[in-house]
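Here the structure is laid out as C-alpha cells; the discussion comes afterwards.
Sequence lines set the chain letters: A, B, ... in the order given, protein chains first and strands last, and positions in each chain run from 1.
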Number of protein chains: 2
Amino acid sequence: MYIYDYPRPALTVDCIIFGLGENSLKVLLVERADEPFKGMWALPGGFVDINETIDAAARRELEEETGIQSMFMEQLYTFGDVHRDPRGRVVSVAYYALVNLSEYNVQPGSDAHRAEWHEVSQLPPLAFDHTLIFETALKRLKGKVRYQPIGFELLPEKFALSQLQRVYELIIGKELDKRNFRKKILSMGLLIELPERQKGVSHRAAKLYKFDKAKYRQLEAEGFMFEI
Amino acid sequence: MYIYDYPRPALTVDCIIFGLGENSLKVLLVERADEPFKGMWALPGGFVDINETIDAAARRELEEETGIQSMFMEQLYTFGDVHRDPRGRVVSVAYYALVNLSEYNVQPGSDAHRAEWHEVSQLPPLAFDHTLIFETALKRLKGKVRYQPIGFELLPEKFALSQLQRVYELIIGKELDKRNFRKKILSMGLLIELPERQKGVSHRAAKLYKFDKAKYRQLEAEGFMFEI
DNA sequence: GCAAAAGTGTTTCCCCTACACCCATGG
DNA sequence: CCATGGGTGTAGGGGAAACACTTTTGC
C-alpha cells in the first residue's frame, strides 16, 4: 500500500471572516466570478498548496482578501461531503477569523472579484455548502466568546467598556446589564486603563482600556478561566 | 484554474478511541506493521476513499478496529503540517470516539496487526505527530465532558451513579464530592431511574439509571445548558 | 439647558461547597 | 459481624442578577 496509489480529494480552505459594523456583526463574502455558482456569494477560499500548511493557506487567503497580515484565526471544522462541489471531490478545511474593521479600514474588492461585508442576520444564499459552514462558524463564535477572551479581537487595541459590551451583546444576542458587565470584566484584572479618553464624541468621553494579553496568558497557565 | 491542475495532499483519518478501564481511561493503539515507524505504536487510521465522506472513513476505521458499529464519534481537528509524514504530503483529519468497553468486550487485534489498550497517563512514544494529536484529543475530552453529556458514552446503557462519578473523576482528574455530584446530576432530570439494581456485588446494590437522550435534546432546544 | 452616553453601589437570592453518618448486602 | 460501597441533609459563603440616579460633555 503505497500512499500515491490512492485517488485524492482536492483540498481547499474556506474562511469565515467576522467584522464589527456600526451596530451589527458582519461577514466578508465574495462574488463568484466563475462557474459553478457564478454570480453567487461565497466564503473566500482557495486551494491548499502542496508545500504549505493548512494554517498558512488560510492566512494567505485572509491576507489576500483583507490586506491584514495578522489577525485572530482558528481552525473551525473540515467539510468533506462527497458532492459538496459539483466539479469533483473537494474537501475543505474551514477557518474563522476576527478582524477589527475600524482600525484597518479593510477594503474588500482590491482583488479582481467583488467582495462585500454582509450582516450575519441577513445573508444571501451562498454557493456550495457555505451556508452550513457559516452557521457552524457562528455557532462556534457564540459558544467560544463566553469563555475565551476573543471579543477583544473585533475591537481596536484601545476601546471603551461600552464598546466591549456591545460586542458581547451582538454575538450572544441578548442585552447585558451595564453595571454587572463592568464589575465582572474589571474584576478579572485583565484590562489596562489608559490615560487617554475617547475623542470626537458629543457626550462625556469614555475611558479607554486595552486587553492585557501577557497577564491573561499568565493567569491561564495558573488555571484561571475567563468567563462572561 | 481547473481543480485537477493542482498536486494534492493525501487525505487520511486518525482515530483516538477512548475506553474505560477498571480504574483508568484508556486509548486504543496499533502497532505499525510497515515503515515508516515500523514497530512503533500509532493511532488507528487510514486513507479516505474518494467516494466516501470523511465521517464515513472514520466510522469505517472505528469499526475495523473495535467491531462496534455505532459509537459516539466527533471530528477533532485537521492536522496538515507539511512534513508530518516522511512519505510525502499527508493531511489527516482526526476523530475521537468514546466506547464502552465492558458492554462490548472489544477485542483489539482481530485484524492482522496488533492493537492494545493503553492507559492515557502512560502512553509509549507514538509514530508521526500522533502524540500531538492524542494530546489535542485529551484536552478536548477534558473540556467537553463538563458541558456536554458525553460521559455517559463511556458507560454501559445502565449504570450506577458512582460509576458515572468515577468517569468524571478520571477525565477531569480530580475527586468530586459524592453528595454534591448526585444532587447536581439528579437535579437536571436527565436520568431515568430503572427498577433494576446492580447484581453480583458484595455490598449493597446500587440503583441503576439510564440517560434520557430524548429529554436532553428537548431541553437543549429550549436553551438548557448541561454542566457538571 | 438639553441630549446622550459614562459612570457608579447595594440588596437579594440562588447555587456551589463543605462536611459525617447510617444503611443494605454478601461473605 | 464485618467489610464494602450505597445513600442521604444542612448550613454558610460567594458570586450572579436586579435595579436608578448623577455626571460629564458637545452642541
Side-chain angles (χ1 to χ4, degrees), chain A residues 20 22-23 102 145-147 149 151 155-156 158-170 172-210 219 223-228, chain B residues 20 22-24 102 145-147 151 155-156 158-170 172-210 219 223-228:
Chain A
L20 204 61
E22 275 316 301
N23 220 355
S102 57
V145 78
R146 302 200 74 126
Y147 62 95
L155 291 173
K158 304 171 182 180
F159 54 85
L161 288 183
S162 59
Q163 288 179 284
L164 186 63
Q165 185 178 342
R166 192 154 44 243
V167 169
Y168 278 94
E169 289 176 336
L170 281 172
I172 298 170
K174 74 170 183 200
E175 300 209 335
L176 303 173
D177 180 83
K178 184 162 61 159
R179 281 166 294 188
N180 293 337
F181 180 80
R182 283 163 180 255
K183 229 179 302 169
K184 182 140 190 189
I185 205 94
L186 288 173
S187 73
M188 290 191 254
L190 287 172
L191 294 190
I192 300 170
E193 188 177 331
L194 299 172
E196 319 154 55
R197 285 179 166 262
Q198 266 184 335
K199 275 176 188 160
V201 290
S202 74
H203 53 76
R204 179 171 177 179
K207 286 180 192 167
L208 294 178
Y209 294 84
K210 66 177 188 182
L219 287 177
F224 166 81
M225 287 269 152
F226 181 91
E227 198 185 337
I228 289 293
Chain B
L20 204 61
E22 275 315 302
N23 219 356
S24 64
S102 57
V145 79
R146 301 202 74 129
Y147 62 94
L155 291 172
K158 303 170 183 184
F159 54 85
L161 288 183
S162 60
Q163 288 179 283
L164 186 63
Q165 185 178 342
R166 192 155 42 244
V167 169
Y168 278 94
E169 288 176 337
L170 281 172
I172 298 171
K174 73 170 184 200
E175 300 207 337
L176 302 172
D177 180 84
K178 183 164 56 161
R179 280 167 294 188
N180 293 337
F181 180 80
R182 284 164 178 255
K183 229 178 306 169
K184 182 139 191 189
I185 207 92
L186 288 174
S187 72
M188 289 191 258
L190 287 172
L191 295 189
I192 300 170
E193 188 176 332
L194 299 172
E196 319 154 53
R197 288 179 164 263
Q198 267 183 335
K199 275 176 187 160
V201 290
S202 72
H203 52 75
R204 179 174 177 177
K207 287 180 190 164
L208 294 179
Y209 295 84
K210 67 177 186 182
L219 287 176
F224 167 80
M225 287 269 150
F226 182 91
E227 197 185 338
I228 290 293

Pair of N/O donor and acceptor under 3.5 Å linking [N] base with [X] side chain:
X	N	value
K183(B)	dT10(D)	yes
K178(B)	dG7(D)	yes
R179(A)	dA17(D)	no

side-chain N/O [X] vs [N] OP1/OP2, d < 4.0 Å:
X	N	answer
S202(B)	dT4(D)	no
S162(B)	dG5(D)	no
R204(A)	dG26(D)	no

message: Between I185(A) and Y209(A), is there a side-chain heavy-atom distance shorter than 4.5 Å?
response: no

field: Heavy-atom side-chain contact between Q198(A) and L208(A) under 4.5 Å
entry: yes

Closest nucleotide among dG6(D), dC19(C), dA6(C) to the N180(B) side chain: dC19(C)

field: Residue R182(B), side-chain atoms from C-beta onward, closest of dT8(D), dG7(C), dT25(D)
entry: dT8(D)

- prompt: What nucleic acid atoms does R166(B) come within less than 4.0 Å of, heavy atoms only: base, sugar-phosphate, or nothing?
  reply: nothing

- request: Hey, could you give me the CD/NZ distance between E169(A) and K178(A), rounded to the nearest 0.5 Å?
  value: 11.0 Å

Whole Å only: how far is the [atom1] atom of [X] from the [atom2] atom of [N]?
X	N	atom1	atom2	answer
K207(B)	dC23(C)	NZ	C1'	12 Å
L186(A)	dA6(C)	CG	P	14 Å
D177(A)	dG9(C)	CG	P	15 Å
L161(A)	dA6(C)	CG	P	9 Å
L208(B)	dA24(C)	CG	P	18 Å
L176(B)	dT17(C)	CG	P	9 Å
R197(B)	dA24(C)	CZ	P	10 Å
K174(A)	dA18(D)	NZ	C1'	13 Å

- prompt: Do you know which two heavy atoms are closest between Q163(B) and K158(B), and how far apart they sit?
  reply: OE1-O, 4.5 Å

Over 12 foreign heavy atoms within 6.0 Å of CD, E196(B): yes

